[in-house]
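Worth saying up front: this structure is predicted, and the values here are computed from it rather than measured.
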Amino acid sequence: MSQGPRLETAAEVRRMARDGCDLVGMTAMPEAALARERDLGYATLAFVVNWGAGLSDEAITMDAINAQIERCADDIGRLLAMLAEQRAAPVG
């Protein structure tokens, strides 16, 4: 089995929905669990690139995922720039 990003299965999406999840992040769990073990703050900034792999008859393609990333990239860049400015601003 390879490590790294992958699309979720329909069964995983249904289980997580039953558990009350609205968003499935298949690539952050190892890091989040390790941060919690070490009592470190952790946050994820993520793109939503598909609406539940395996739940629709429509295939999810890398072209569709890449197009969604392109649509999100500018917004994410602006958010990160804003956070960097706030962190650099003097307090008081």
Taking atom CD as the centre, does Gln86 end up with more than 12 heavy-atom neighbours from other residues, nucleotides or ligands that are less than 6.0 angstrom away?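 More than 12 heavy atoms, drawn from other residues, nucleotides or ligands, come within 6.0 Å of this atom.
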
If Ile, Leu, Val, Met, Phe, Trp and Tyr residues are connected whenever their side-chain heavy atoms lie under 4.5 Å apart, and connections chain through other members, are Tyr42 and Leu40 in the same group?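 Result: no, two separate clusters.
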
Test of understanding: with salt bridge (charged side-chain N to carboxylate O under 4.0 Å, His left out), list the residues that count as partners of Arg36, not counting sequence neighbours.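 Result, salt bridge (charged side-chain N to carboxylate O under 4.0 Å, His left out) vs Arg36: none returned.
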
Side chain to side chain contact (heavy atoms under 4.5 Å, CB included) partners of Ala11, counting only residues at least two apart: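 Once residues adjacent in sequence are excluded, the partners of Ala11 under the side chain to side chain contact (heavy atoms under 4.5 Å, CB included) criterion are Thr9, Arg14.
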
For Ala64, check side chain to side chain contact (heavy atoms under 4.5 Å, CB included) against everything at least two apart and list the hits.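 Per chain and number, Ala64 pairs via side chain to side chain contact (heavy atoms under 4.5 Å, CB included) with Thr61.
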
Distance, nearest 0.5 Å, that separates CZ of Arg71 from CG of Asn66: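 Reported to 0.5 Å precision, the distance equals 10.5 Å.
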
Review item, side-chain donor-acceptor pairs of residues 73-84, under 3.5 Å, at least two apart:
unit_1 : atom_1 : unit_2 : atom_2 : d
Asp75  : OD1    : Arg78  : NH2    : 2.3

Return the set of residues passing side-chain hydrogen bond (donor to acceptor under 3.5 Å, both in side chains) with Arg15 (not counting sequence neighbours), or none when no residue passes.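 Arg15 satisfies side-chain hydrogen bond (donor to acceptor under 3.5 Å, both in side chains) with no residue once adjacent residues are dropped.
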
